[in-house]
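Just so we're on the same page: letters track the sequence lines, and every chain starts at 1.
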Amino acid sequence: MKAIIDPAAVVAEARRRAGLSQRELGERAGIAQPAVARLERAGANPTLRTLEALAAAAGFTLRLVLEPAAPPDAVVERYKRDVDRTLLRENLRRTVDERVRSLGEWQHDMRELQAATRRARSRAKGRR
Amino acid sequence: MTGLERLLAALGDAKVAFIIVGGVAARAHGSSRLTDHLDIVPARDKDNLARLVAALAPLKPYLRGAPPGLPFEWSARTLEAGLNFTLTTTAGSIDLLGEITGGGMYEDLAPHALTITLFKREVQLLDLPWLIRVKRAAGRPRDLEVVAELEALREELER
């Protein structure tokens, strides 16, 4: 069975499996289509009651299962100790657009740096 | 305009349906890592592939690492026949991923995508929990290092 880990995915998956449009699912559950669209968006946080209603409207029963949490990955935990969180905090203060723009600028600068290094190597070779 | 912006502008202006994954997605979420290529998962319906081909054609896409002069036809038919393409373009490198380990295809990822405004265009970006999930599933040592940073990011966001 496909694992689903967030409520928005549960709604979208139930609707898709039932072959319903957002409007059709909304009509069956007594919810307006834009609200269904909102619930399917990543990060949506519907109540359990709403989830149950939407699952039922799509012909499913919602079942919650408690499973033991996977133990933390030792390798990831070790790597995590070395993460420079000051860089992350700096980035989190920026907008998404600024973060990606700075990546593009860095890429450009790195290419310049590589080209300069190639030129220097080639000059050094010429002198030998 | 940087290469990354040119690639995203070309895709956005042609209304290509795609989700940004990989290093650029990680950067957008706040990662401090640098990457030198754009990874995207495009929708693979015929119309979208045609838009994708038209969008990138002016940037002269070619198979990355392949010797020049191979009979590579940049067309929707070529994209339909394959799943993943690692390409070089005049605006930089781009990987077109039909399916990603632990995440699936465009339709599987779409419910886990955030719509963000980037370079004045709306683009879809894989959300942080799913980015962690697919990186974990990829399972290469370098991916685990990225997972560590992404998990640290998630902890920072939850503080």
Side-chain angles (χ1 to χ4, degrees), chain A residues 2-17 22 36-44 70 72-114, chain B residues 1-8 20 23-38 92-93 104 107-120 123-130 132-133 135-136 141 143-153 155-157 159:
Chain A
K2 197 168 173 184
I4 296 172
I5 57 164
D6 76 57
V10 172
V11 176
E13 182 78 13
R15 184 175 63 75
R16 196 161 47 223
R17 285 201 216 168
Q22 290 180 341
V36 176
R38 270 198 305 278
L39 291 170
E40 289 190 7
R41 219 165 283 154
D73 184 312
V75 177
V76 170
E77 292 306 309
R78 178 63 193 83
Y79 277 138
K80 223 194 269 185
R81 294 212 308 254
D82 293 332
V83 171
D84 183 345
R85 290 179 185 245
T86 60
L87 290 173
L88 302 187
R89 287 171 198 151
E90 279 294 313
N91 275 343
L92 289 176
R93 274 194 279 273
R94 299 169 166 175
T95 64
V96 171
D97 197 68
E98 285 167 345
R99 291 173 205 158
V100 180
R101 269 182 200 281
S102 77
L103 172 64
E105 285 154 11
W106 267 104
Q107 286 175 339
H108 176 263
D109 294 345
M110 289 300 118
R111 273 193 291 275
E112 287 286 308
L113 178 67
Q114 284 165 353
Chain B
M1 202 188 266
T2 63
L4 184 59
E5 186 172 356
R6 283 172 62 205
L7 282 168
L8 288 171
I20 302 174
V24 175
R27 181 78 183 186
H29 283 296
S31 164
S32 63
R33 287 168 181 276
L34 298 179
T35 181
D36 53 6
H37 69 281
L38 173 66
S93 297
E107 291 72 20
D108 302 307
L109 298 174
H112 311 285
L114 306 168
T115 301
I116 59 163
T117 303
L118 196 55
F119 304 129
K120 298 184 185 151
V123 295
Q124 294 191 90
L125 174 79
L126 194 59
D127 70 21
L128 188 54
W130 269 61
I132 293 173
R133 175 190 167 122
K135 280 284 173 196
R136 247 185 209 288
D143 291 311
L144 296 182
E145 216 177 328
V146 176
V147 168
E149 195 198 31
L150 295 177
E151 286 194 352
L153 256 177
E155 289 167 10
E156 290 296 319
L157 289 166
R159 268 182 358 142

Student: Using distance alone, with no hydrogens and no angle criterion, decide if B:Thr115 and A:Arg41 have a side-chain donor and acceptor under 3.5 Å apart.
Tutor: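 B:Thr115 vs A:Arg41: no donor-acceptor pair found between side chains.
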Student: Just give me the residue among A:Glu77, A:Arg99, A:Arg78, A:Arg81 that pairs up with chain B most often, heavy atom to heavy atom, under 4.5 Å.
Tutor: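 Heavy-atom pair counts peak at A:Arg99.
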Student: Against chain B, label A:Val100 side chain, backbone, both or neither, depending on which of its atoms sit under 4.5 Å from a heavy atom there.
Tutor: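 When you check distances to chain B, atoms from both the backbone and side chain of A:Val100 fall under 4.5 Å.
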Student: Which bit of A:Arg89 is near chain B, if near means a heavy-atom gap under 4.5 Å: side chain, backbone, both or neither?
Tutor: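 For A:Arg89, the side chain is the part near chain B, not the backbone.
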Student: In terms of heavy-atom proximity below 4.5 Å to chain A, should B:Arg159 be classed as side chain, backbone, both, or neither?
Tutor: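 For B:Arg159, the side chain is the part near chain A, not the backbone.
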Student: Less than 4.5 Å apart, any side-chain heavy atom of B:Thr117 and any of A:Val96?
Tutor: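 No; the side chains remain at least 4.5 Å from each other.
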Student: At a 4.5 Å cut-off on heavy atoms, which part of A:Thr95 comes close to chain B: side chain, backbone, both, or neither?
Tutor: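 Neither the backbone nor the side chain of A:Thr95 comes within 4.5 Å of chain B.
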Student: Would you name the heavy atoms of A:Tyr79 and B:Ala148 that are closest together and state the gap between them?
Tutor: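 Shortest heavy-atom separation between A:Tyr79 and B:Ala148 comes out as CB-CB, 3.4 Å.
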Student: Nearest 0.5 angstrom please: A:Asn91 CG to B:Arg33 CZ, how far?
Tutor: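 That separation rounds to 12.5 Å.
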Student: Looking at A:Lys80, A:Glu90, A:Met110, A:Arg94, which one has more heavy-atom pairs under 4.5 Å with chain B than the rest?
Tutor: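 If we count pairs closer than 4.5 Å to chain B, A:Lys80 comes out on top.
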Student: Between A:Leu103, A:Leu87, A:Leu92, which residue shows the highest count of heavy-atom pairs closer than 4.5 Å to chain B?
Tutor: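 Option with the greatest count: A:Leu103.
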Student: Could you pull out the closest heavy-atom pair between A:Asp97 and B:Lys120, with the gap in Å?
Tutor: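 Minimum heavy-atom separation between A:Asp97 and B:Lys120: OD1-N, 4.5 Å.
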Student: Which one, B:Val147, B:Leu153, B:Leu8, B:Leu125, leads in non-hydrogen pairs under 4.5 Å with chain A?
Tutor: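 Heavy-atom pair counts peak at B:Leu153.
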Student: With rounding to the nearest 0.5 angstrom, report the CD to CG distance, B:Glu149 to A:Asp84.
Tutor: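 Output value for this atom pair is 9.0 Å.
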Student: Side-chain contact, heavy-atom cut-off 4.5 Å: A:Ser102 with B:Arg27?
Tutor: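 Yes. Closest side-chain heavy atoms under 4.5 Å.
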Student: Would you call B:Glu107 and A:Arg16 a salt bridge, using N to O less than 4.0 angstrom?
Tutor: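 No, this pair does not count.
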Student: Counting only heavy atoms closer than 4.5 Å, note whether B:Leu118 contacts chain A via side chain, backbone, both or neither.
Tutor: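 Interface part for B:Leu118: both.
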Student: Go through the atoms of A:Val76 and report whether side chain, backbone, both or neither lie under 4.5 Å from a heavy atom of chain B.
Tutor: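 The answer is both parts of A:Val76.
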Student: For B:Glu145, is it the side chain, the backbone, both, or neither that has a heavy atom closer than 4.5 Å to a heavy atom of chain A?
Tutor: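 Interface part for B:Glu145: both.
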Student: Run the side chain to side chain contact (heavy atoms under 4.5 Å, CB included) check on B:Thr2 and A:Arg101 step by step: do they pass?
Tutor: CA-CA 8 Å; B:Thr2 63; A:Arg101 269 182 200 281; over 6 Å; no
